[in-house]
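Please read through the structure below; I'll follow up with questions.
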Amino acid sequence: KDVIDAESNFAKDPLLAVVLGFNVQASEEIKKHAPTDKVKILCNDVIYRLIEEYEEWKKQHTKSLEEKELDMLTRPAKIEIMRVYIFRQNNPAVFGCVVLGGKLKPNDTVMTKDGKEVGLVKGLQKDSENVKQAGKNAQVAVSVDGLTIGRQAHEGDVLYTALSEEQFKKLKELKKHLSEDEKEVIKEIAEIRRRQNPVWGV
């Protein structure tokens, strides 16, 4: 019954889907026969150890939940279009780039340093293989739908991920999980956005 009650909390707050058993007999049997894998069961015959185990689980689980949430967001990224490595100018534009900071992923919208959104990242390749993301200093081939090289952007230009205001605020909440170069790039993106709207992200 306790496990089922705890499971009902999972949708509202996974951190409340936990059962603590103090001085409970057959604690391993409880864990083994629990009707769900959504509930964390902690048992110990020493109360302070039980509390310590709970605090450690809560800390690690919070970190895991926040990292999963972060993975679903557009990450701040700054890239430079490499000279000479223009493979296709449009439909989609395909070119080599170096990631100057942050993390670039497929489905990211990119903008110029003036804040103009110019296209959607369709894919990334390194050594002719598709990759899910590219971090700082990575050199990858990127395809961007909607961008025309020579019109909205040129060789040597810098592009940024076009974070929305909502994404920016969420990233600020999770900034402890961002790398230092991501934090720097997100500041630059905010500066670009605030040239058009001084209170953007405030």
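Heavy atoms only: backbone and side chains are in, while hydrogens, waters and symmetry mates are out.
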Distance alone, cut at 3.5 Å: any donor-acceptor contact between the side chains of T109 and E117?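 The criterion, which ignores hydrogens and geometry beyond distance, is not satisfied for E117 and T109.
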Polar side-chain atom of Q152 near backbone of T148 as donor-acceptor pair, under 3.5 Å: yes
Donor-acceptor side-chain pairing of Q60 and E56 below 3.5 angstrom: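 The answer is yes; a qualifying pair exists.
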Would you say that K63 contacts H177 through its side chain, given a criterion of any heavy-atom pair below 4.5 Å between the two side chains? yes
Flag the pair K183 and E180 as a salt bridge only when some basic side-chain nitrogen lies within less than 4.0 angstrom of an acidic carboxylate oxygen. yes
For residues E7 and K38, determine if any side-chain heavy atom of one lies less than 4.5 Å from a side-chain heavy atom of the other.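 They are in side-chain contact.
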Under the 3.5 angstrom rule, does the side chain of E80 hit a backbone N or O of V98 as a donor-acceptor pair?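 It does not hold such a pair.
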Cluster check L159, L124: I/L/V/M/F/W/Y, side chain < 4.5 angstrom: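 Yes; L124 is reachable from L159 via cluster members.
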Any side-chain heavy-atom pair from L171 and L178 closer than 4.5 angstrom?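 A side-chain contact exists here, since the closest heavy-atom pair is under 4.5 Å.
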Short question: side chain of D181, backbone of G102 - any donor-acceptor pair under 3.5 Å? yes
For the pair D13 (side chain) and L15 (backbone), establish whether a donor and an acceptor sit closer than 3.5 Å, ignoring hydrogens and angles. yes
Here the gap from C43 atom SG to R49 atom CZ, rounded to the nearest 0.5 Å, amounts to 15.0 Å
Assess whether side-chain contact (heavy atoms from CB on, under 4.5 Å) is satisfied between I189 and T161, documenting all intermediate values. CA-CA 8 Å; I189 292 172; T161 46; 3.8 Å; yes
Taking R194 for the side chain and W200 for the main chain, is one N or O donor matched with an acceptor at less than 3.5 Å? yes
Without swapping roles, check the side chain of H154 against the backbone of G150 for a donor-acceptor pair under 3.5 Å. yes
In the single-linkage hydrophobic clustering (I, L, V, M, F, W, Y; side-chain heavy atoms under 4.5 Å), do V118 and V94 co-cluster? no
Would you say CD of Q196 has more than 12 non-hydrogen atoms from neighbouring residues, nucleotides or ligands within 6.0 angstrom?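 Correct, the count exceeds 12.
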Distance-only, no hydrogens or angles: does the S143 side chain make a donor-acceptor pair with backbone N or O of A93 under 3.5 Å? no
Spell out, as yes or no, whether a donor-acceptor pair under 3.5 Å connects the side chain of N197 to the backbone of V199. yes
How close do V19 and A6 get, heavy atom to heavy atom, and via which atoms?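 Closest approach of V19 to A6: CG2-CB, 3.8 Å.
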Do I186 and I192 belong together in a cluster built from hydrophobic side chains that touch within less than 4.5 Å?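 Yes, one cluster joins them.
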Heavy-atom pair of closest approach, residues V110 and V121: CG1-CG2, 3.9 Å
Hey, are the side chains of D157 and T112 touching, using non-hydrogen atoms and a 4.5 Å cut-off?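 When only atoms from C-beta onward are counted, T112 and D157 do not touch, as no gap falls below 4.5 Å.
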Over 12 foreign heavy atoms within 6.0 Å of CZ, F22: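 Above 12, so yes.
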Give a yes or no on whether V185 and V99 share a hydrophobic cluster (residues Ile, Leu, Val, Met, Phe, Trp, Tyr; joining criterion: side-chain heavy atoms under 4.5 Å apart). no
Hey, mind stepping through M82 and Q139 against side-chain contact (heavy atoms from CB on, under 4.5 Å) and telling me if it holds? CA-CA 9 Å; M82 297 173 68; Q139 294 184 8; 3.7 Å; yes
Would you call E155 and I86 a side-chain contact if the rule is heavy atoms closer than 4.5 Å?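 They are in contact (side-chain heavy atoms under 4.5 Å apart), so the answer is yes.
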Distance (rounded to the nearest 0.5 Å) between L65 CG and H61 NE2: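 Reported value, rounded in 0.5 Å steps: 4.5 Å.
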Got L73 and L174 here, is their nearest side-chain heavy-atom distance under 4.5 Å? yes
Any chance you could lay out the side-chain contact (heavy atoms from CB on, under 4.5 Å) test for K59 and E55, step after step, and finish with the verdict? CA-CA 6 Å; K59 178 181 175 182; E55 292 295 340; over 6 Å; no
Rounded to the nearest 0.5 Å, what separation is found between the CG atom of N107 and the NZ atom of K105? 9.0 Å
Is the number of heavy atoms from other residues, nucleotides or ligands within 6.0 Å of CZ (R151) greater than 12? no
Minimal heavy-atom distance between T74 and L163, with the atoms involved, is O-CD2, 3.5 Å
Using the rule that two of Ile, Leu, Val, Met, Phe, Trp, Tyr join whenever any of their side-chain heavy atoms come within less than 4.5 Å, decide whether V18 and I47 are in one cluster.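 V18 and I47: one cluster.
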Side chains of R75 and E182: closer than 4.5 Å at any heavy-atom pair?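 They are in side-chain contact.
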Report yes if the side chains of N44 and E53 come closer than 4.5 Å at any heavy-atom pair, otherwise no. yes
In plain terms, say whether E173 and K170 are close enough for a salt bridge, that is, a side-chain N and a carboxylate O under 4.0 Å apart.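 Here E173 pairs with K170 in a salt bridge, since their nearest N and O are under 4.0 Å apart.
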Show the nearest heavy-atom pair for residues A134 and V140, with the distance to one decimal. CB-CG1, 3.9 Å
Run the numbers on V144 and F95 for side-chain contact (heavy atoms from CB on, under 4.5 Å), then give the verdict. CA-CA 9 Å; V144 180; F95 55 90; 3.9 Å; yes
Residue pair P14 / W57: nearest heavy atoms and the distance that separates them: O-CH2, 4.0 Å
Taking all atoms of both residues into account, what is the closest heavy-atom pair of I149 and I81, and its distance? CD1-CD1, 4.0 Å
Has K122 got more than 12 heavy atoms of other residues, nucleotides or ligands less than 6.0 Å from its NZ?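 It does not: K122 NZ has 12 such atoms or fewer within range.
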dist E191:CD -> Y160:OH (nearest 0.5 Å) comes out at 8.5 Å
